[in-house]
Amino acid sequence: MNLFNIINEIEKVDPEFQDRISPRRAAIKNMAGFGSKVAIAALPIALSTLFKKAYGATASAADVNGVLNFALQLEYFESAFYNAGVAHTVYKPADAAYFKAIQLHEMNHVAFLQTVLGSAALPQPAASSYDFTAGGTFSDVLTNYKTFYAVAQVLEDTGVRAYKGQAPNLAGNQVVLTAALGIHAVEARHASAIRYLRYLDGATNALGGPVTPWITGSASVSNDTGIAPADGNYAGENASTQLGVDITKLPSAEGSTTSVAVAVEAFDEYLTKAQVTALVAGFGVTIV
Amino acid sequence: MKNEVSKNTSDVNMARRSFLRYAGAGVAGMGLLATAASCHKDHGINPFGGPVDVGSGDIGILNYAYALEQLEAAFYTQVIKTPYAGMSTYERVSLTSIRDHEVAHREFFKAALGAKAIKGLTVDFSSINFKSRDSVLAAAAAFEDLGVTAYDGVGYLIQNVDYLVTAGKIVSVEARHAAFIRSLIMPGTDYFATAPQLDASTSVNISNVPSAVLAGANTYLVTKVTAKSFA
């Protein structure tokens with residue numbers, strides 16, 4: 001992001017932009033010094049503050065912080081999960097690079113959200129407050145890599161769905177929505193990669209086929225993992241109508257109509273905050 | 001059945017394409033100037049069939065997505081039609097799935113836009129060697145990564161939250177594709193999610209404005225696409 005380009009662009013359509021954000025035009029020039037002094041991660045929120053000052057925001061700062069704190073609480077949990085997984089080396093040696101990368105990304109997402117939220121950031125719970133076995137449902141999650149991979153897949157897919165569900169609450173917010181979508185995409189990359197590792201390990205899905213990088217399904221199967229306790233994490237994932245368009249009625253690459261599986265795979269569905277809150281409670285995660 | 005991209009690759013368009021390639025060699029530098037100048041003109045009928053502007057507002061963004069999905073669908077259709085040397089069964093099955101997803105996205109936008117949809121675009125994949133696994137997978141990763149940055153870059157411009165969520169439903173699938181293709185390219189590494197697609201310090205996926213995305217996409221399009229009402 002080039003802050004000065006953005007401001008220049010805005011000035012083209014709104015010559016008084018700088019006066020709006022500061023009565024002293026010179027103040028904006030100090031941004032260069034400002035920018036060099038704060039972490040680059042802090043810049044988006046500073047910019048967001050500028051825009052709010054100038055035009056007001058669609059969502060209130062409290063709403064936006066609420067979404068960011070929701071995300072932060074999920075990232076705290078994910079980060080702790082991978083920290084534990086890496087500490088226990090609960091993966092195949094060939095897959096180490098994947099899990100170390102994911103561990104780093106989740107850690108960076110935590111730091112990023114904390115920086116953006118500043119003093120509004122909710123505190124990080126102690127790692128010991130989490131129960132990665134979800135009350136014994138996944139009792140060998142830190143000793144059996146197959147369980148660890150399966151739980152990781154569910155958590156990543158859930159993360160994707162959770163971020164997606166919050167997008168409307170950030171609509172119109174260039175800085176925060178764009179950042180949230182950027183994390184959303186990374187969670188989807190993680191989900192895809194873990195699903196690929198499970199495929200390499202020979203894991204099958206609920207439909208009897210190999211695990212795919214994308215969530216598949218059928219008219220009756222929304223949870224393609226076949227892990228029954230995760231049914232809620234995939235609730236509604238087998239939707240085949242989008243914006244009133246029945247995808248199965250559309251022509252396919254081969255000229256026929258589109259299969260339900262393709263219609264399900266081509267669109268990832270979302271979860272509400274209430275759904276996610278209930279789903280992660282079993283892991284000792286208390287969403288505020 | 002109906003495939004706008006291949007349907008439009010008629011003899012007329014092939015001739016057009018040859019002409020453009022020929023002309024392009026001499027006026028590559030002027031192309032930028034011409035495009036910049038045309039920004040202030042009404043876009044009427046162009047004798048060479050382009051460019052196509054996506055329009056403005058939410059419809060403009062949906063058409064922008066439709067343009068990119070047309071490109072991706074056409075690419076994977078070709079990949080499956082002319083498989084690269086040594087394509088494994090797993091790769092063929094997976095790439096066929098990705099093709100089907102992209103075709104579903106394309107047909108979805110076409111149906112949702114109805115009469116407001118831009119026309120079918122003519123593609124030019126002459127820079128991709130479809131016989132080479134490396135060439136095909138590199139292009140696939142580039143298309144998928146570009147798609148992710150494109151959707152993420154315009155999310156904040158979408159007014160209708162139902163459209164926003166729908167874009168979100170598609171972009172995560174594109175990100176899944178991107179990570180998968182990247183795992184095929186460099187298995188056992190962090191290539192599935194790494195810089196420069198991820199910001200190195202925050203691990204947030206980068207995003208791109210339409211002009212930057214289209215600069216990349218247009219290198220594979222005979223029918224150039226513009227998004228003048230967006231940055």
Side-chain angles (χ1 to χ4, degrees), chain A residues 9 39-41 94-95 97-98 100-102 104-105 108-109 111-112 160 163-165 167-168 170-174 177-179 181-193 195-196 212-214 242-245 247 250-253 255-256 258-259 262-263 265-270, chain B residues 1-3 73 76-77 80 90 94 96-97 99-105 107-108 110-112 148 151-153 155-159 161-166 168-180 182-183 187-190 192-194 198-199 201-207 231:
Chain A
E9 288 300 315
I40 198 72
D95 300 340
Y98 281 84
K100 286 180 178 170
I102 296 173
L104 174 68
H105 299 159
N108 285 341
H109 291 166
F112 173 71
V160 173
Y163 272 94
K164 201 187 319 292
L170 301 173
N173 191 321
Q174 180 174 7
L177 176 63
T178 307
L181 289 174
I183 298 177
H184 170 248
V186 173
E187 302 294 336
R189 287 178 185 266
H190 293 169
S192 168
R195 283 169 166 269
Y196 178 62
T212 52
W214 33 84
Q242 305 294 342
L243 291 179
V245 176
I247 306 302
L250 298 174
S252 74
S256 56
T258 301
S259 70
V262 168
E265 292 165 8
F267 296 83
D268 281 344
E269 303 302 317
Y270 68 90
Chain B
M1 207 176 70
K2 265 197 165 178
N3 181 331
Y76 288 106
T77 298
I80 297 305
Y90 175 68
S94 301
T96 301
S97 286
R99 175 199 65 177
D100 291 348
H101 303 159
E102 306 297 5
V103 168
H105 293 162
E107 295 301 320
F108 162 71
K110 190 181 174 191
V148 172
Y151 279 100
D152 281 1
Y156 80 98
L157 294 168
I158 301 175
Q159 304 286 318
V161 293
D162 292 333
Y163 296 172
L164 171 59
V165 171
T166 304
K169 291 179 181 195
I170 294 174
V171 71
S172 55
V173 174
E174 305 292 351
R176 288 175 187 273
H177 293 168
F180 172 65
R182 285 170 157 265
S183 276
T189 72
D190 68 356
F192 69 98
T194 192
L198 270 57
D199 178 273
S201 63
T202 63
S203 298
V204 176
N205 211 107
I206 59 164
S207 59

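Protein chains get the first letters and strands the later ones, always in sequence-line order, with residue 1 at the start of each. Please read all numbers here as calculations on a predicted model, not as lab measurements.
Rounded to the nearest 0.5 angstrom, B:Leu164 CG and A:Leu177 CG are separated by 5.5 Å. One distance of note links NZ of A:Lys164 with OG of B:Ser172; it measures 3.0 Å at 0.5 Å rounding. From A:Tyr98, atom OH reaches atom OG of B:Ser183 across 3.0 Å, with rounding to the nearest 0.5 Å. One distance of note links CG of B:Leu198 with CD1 of A:Ile183; it measures 10.0 Å at 0.5 Å rounding. Rounding to the nearest 0.5 Å places CG of B:Asn205 at 4.5 Å from CZ of A:Arg189.
Proximity to chain A is limited to the side chain of B:Ser207, based on heavy atoms less than 4.5 angstrom apart. With a 4.5 Å cut-off on non-hydrogen atoms, B:Val148 touches chain A through its side chain but not through its backbone. With a 4.5 angstrom heavy-atom cutoff, B:Leu157 does not touch chain A via any of its atoms. Contacts between A:Ala167 and chain B at a heavy-atom distance below 4.5 Å involve backbone atoms as well as side-chain atoms.
In this structure a side-chain-to-backbone donor-acceptor pair under 3.5 Å is present from A:His105 to B:Ala193. Within the 3.5 Å criterion, the main-chain N or O of A:Pro213 finds a donor-acceptor partner in the side chain of B:Arg176.
Using a 30° and 60° split on the angle between ring planes, A:Trp214 and B:His101 fall in the perpendicular class, above 60°.
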Note to self: Run the ring-ring contact (aromatic ring centres under 6.0 Å, His included) test on B:His105 and A:Phe267 for me, step by step, so that the C-alpha distance in whole Å, both residues' side-chain angles and the decisive distance to 0.1 Å come before the verdict.
What the structure shows: CA-CA 9 Å; B:His105 293 162; A:Phe267 296 83; 5.4 Å; yes
Next item on the list: Step by step, work out the side-chain contact (heavy atoms from CB on, under 4.5 Å) result for B:Phe108 and A:Leu250.
Entry: CA-CA 7 Å; B:Phe108 162 71; A:Leu250 298 174; 4.2 Å; yes
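Put simply, the side chain of B:Val171 reaches to within 4.5 Å of the side chain of A:His184, judged on heavy atoms.
Counting heavy-atom pairs closer than 4.5 Å to chain B, the top-ranked of the candidates A:Ile247, A:Thr258, A:Asp268 is A:Asp268. Listed options B:Thr166, B:Val204, B:Val161 were ranked by heavy-atom pairs under 4.5 angstrom with chain A; first place goes to B:Val204. With chain B as the partner, the residue from A:Asp95, A:Thr178, A:Val160, A:Leu104 showing the most heavy-atom pairs under 4.5 Å is A:Thr178.
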